[in-house]
Q: 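Sharing a structure with you now.
These figures come from a predicted structure and were not determined experimentally.
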Amino acid sequence: MAVLSNVTLSIAKIPSTPTSVRVTIKYRLTPSRVEQMARSVFNEEVSLLGRDWLTLPMEVPAAREGSLAVPTIDTPIATLGGSSFAVGESMPHVDRSRVFVISKSRLNEDPETTASGSEVQDELLARVKVSYAANKPTGASAPYPAFSAMLTGTWV
């Protein structure tokens, strides 16, 4: 079974278009030797996700109050799919990247403001999934999805 790794997410300003940003998602697919010999073809799907958190009260030692923040849902902001690529016998891995432009306002998945009036920071991450498009080895299953580290910031 192939393995997805090295998922990275970067968001860059576009000086000529101040209302948009350039999103780059990169990853590596490392096929198994059987997939290399079969010249398996993979179909990719990359998603930009907004992470939402739930804050729970919790007891901490010394009778102090505290809280625990846990991720509750990753909401898709943008998904790109449909791009296929093949692996071959001379390919120990395949490095891929997808670049797209998106409105800054779509990145604002937490539109609230703090008591001081400043924008609440948003948490974004990338997810990469691949499936077999052709030449799937017998008994093989698609690799598990892989995720980038989370980016935190305000983009509006």
Side-chain angles (χ1 to χ4, degrees), residues 1-55 69-114 117-137 139-156:
M1 176 173 76
V3 175
L4 292 169
S5 62
N6 299 352
V7 180
T8 61
L9 168 65
S10 62
I11 299 174
K13 295 179 182 178
I14 304 172
S16 61
T17 313
T19 60
S20 298
V21 292
R22 179 175 291 108
V23 176
T24 303
I25 299 172
K26 296 180 181 181
Y27 70 95
R28 172 173 283 180
L29 179 128
T30 304
S32 70
R33 186 71 183 125
V34 173
E35 290 163 328
Q36 290 174 317
M37 291 186 303
R39 291 179 166 68
S40 294
V41 179
F42 294 91
N43 203 15
E44 71 183 354
E45 177 184 290
V46 297
S47 298
L48 177 64
L49 307 172
R51 174 155 289 174
D52 290 316
W53 297 84
L54 175 64
T55 302
V70 294
T72 57
I73 191 167
D74 292 334
T75 306
I77 295 171
T79 299
L80 301 176
S83 182
S84 297
F85 61 96
V87 298
E89 291 190 54
S90 64
M91 303 172 83
H93 61 265
V94 180
D95 290 323
R96 304 275 297 168
S97 67
R98 297 295 300 264
V99 179
F100 58 98
V101 174
I102 191 168
S103 168
K104 287 181 181 179
S105 64
R106 291 197 50 205
L107 301 182
N108 190 15
E109 52 93 25
D110 291 324
E112 64 268 5
T113 56
T114 64
S118 63
E119 183 75 28
V120 171
Q121 289 195 334
D122 297 298
E123 302 87 10
L124 304 173
L125 66 156
R127 177 185 64 208
V128 176
K129 296 192 301 188
V130 298
S131 58
Y132 288 101
N135 303 338
K136 176 183 175 182
S141 58
Y144 295 110
F147 296 84
S148 70
M150 191 166 43
L151 288 184
T152 303
T154 54
W155 288 278
V156 291

Q: Which atom names give the shortest non-hydrogen contact between L125 and A149, and what distance separates them?
A: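 That would be CB-O, 4.0 Å.
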Q: Which heavy atom of P137 sits nearest to which heavy atom of A38, and what is that distance?
A: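 Answer, listing the atom of P137 first, then A38: CG-CB, 4.4 Å.
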Q: Rounded to the nearest 0.5 Å, what separates atom CG in L9 from atom OH in Y27?
A: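 Answer for the CG-OH pair, L9 versus Y27, is 14.5 Å.
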Q: Return the minimal non-hydrogen interatomic distance between I102 and V23, and the atom names on each side.
A: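 Reported closest heavy-atom pair: CG2-CG2, 3.6 Å.
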Q: Who pairs with S84 by side chain to side chain contact (heavy atoms under 4.5 Å, CB included), at least two apart in sequence or on another chain?
A: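 Expected list: V41, N43, A133.
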Q: State the CD1-NZ distance between I11 and K104, to the nearest 0.5 angstrom.
A: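 I11 CD1 to K104 NZ: 11.0 Å, rounded to 0.5 Å.
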Q: Could you check whether any side-chain N or O of R39 sits under 3.5 Å from a backbone N or O of N135, counting only pairs where one atom can act as donor and the other as acceptor?
A: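 Between the backbone of N135 and the side chain of R39 there is no qualifying donor-acceptor contact (under 3.5 Å).
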Q: If you count every heavy atom of other residues, nucleotides or ligands that lies below 6.0 Å from Y144 atom OH, does the total exceed 12?
A: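 It does not: Y144 OH has 12 such atoms or fewer within range.
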Q: Do I25 and S148 make a side-chain contact, defined as non-hydrogen atoms from C-beta onward lying under 4.5 Å apart?
A: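 No. Closest side-chain heavy atoms not under 4.5 Å.
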Q: Side chain of E35, backbone of V87: donor and acceptor closer than 3.5 Å?
A: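 No; judged by distance alone, with no hydrogens or angles, the pair does not exist.
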Q: Taking atom OG1 of T79 and atom CG of L48, what is their separation to the nearest 0.5 Å?
A: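 Result: 8.5 Å between the selected atoms.
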Q: So, for R98 and L80, which heavy atoms are closest and what is the spacing to 0.1 Å?
A: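 The answer is NH2-CB, 3.7 Å.
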Q: State the CZ-OG distance between R127 and S47, to the nearest 0.5 angstrom.
A: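 Result: 4.0 Å between the selected atoms.
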Q: Check each of V128, L4, L49 against F147 using the side-chain contact (heavy atoms from CB on, under 4.5 Å) test, and report the only one that passes.
A: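 Passing option: L49.
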Q: If you round to the nearest 0.5 Å, how far is CZ of R96 from OG of S83?
A: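 The distance works out to 4.5 Å.
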Q: Walk me through whether F42 and V94 qualify under side chain to side chain contact (heavy atoms under 4.5 Å, CB included).
A: CA-CA 11 Å; F42 294 91; V94 180; over 6 Å; no
Q: Quick one: side-chain hydrogen bond (donor to acceptor under 3.5 Å, both in side chains) pairs with a partner in residues 8-21, sequence neighbours left out?
A: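 Listed once each, the pairs would be none.
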Q: What's the shortest heavy-atom distance between P145 and K129, and which atoms?
A: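 Taking P145 first and K129 second, the nearest heavy atoms are CB-CG, 3.7 Å.
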Q: Can you spot which of D95, V7, V3 makes a side-chain contact (heavy atoms from CB on, under 4.5 Å) with R28?
A: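 In the set D95, V7, V3, the residue that makes a side-chain contact (heavy atoms from CB on, under 4.5 Å) with R28 is D95.
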Q: List the atom of M1, the atom of S141, and the distance in Å for their closest heavy-atom pair.
A: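 Looking at all heavy atoms of both residues, the closest pair is CG-O, 3.3 Å.
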Q: Once rounded to the nearest 0.5 Å, what's the spacing between atom CG of N6 and atom OG1 of T30?
A: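 One finds 7.5 Å between CG of N6 and OG1 of T30.
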Q: So, using side chain to side chain contact (heavy atoms under 4.5 Å, CB included) as the criterion, who are the partners of K136 when residues are at least two apart?
A: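 For K136 the side chain to side chain contact (heavy atoms under 4.5 Å, CB included) partners, ignoring immediate neighbours, are Y132, A140.
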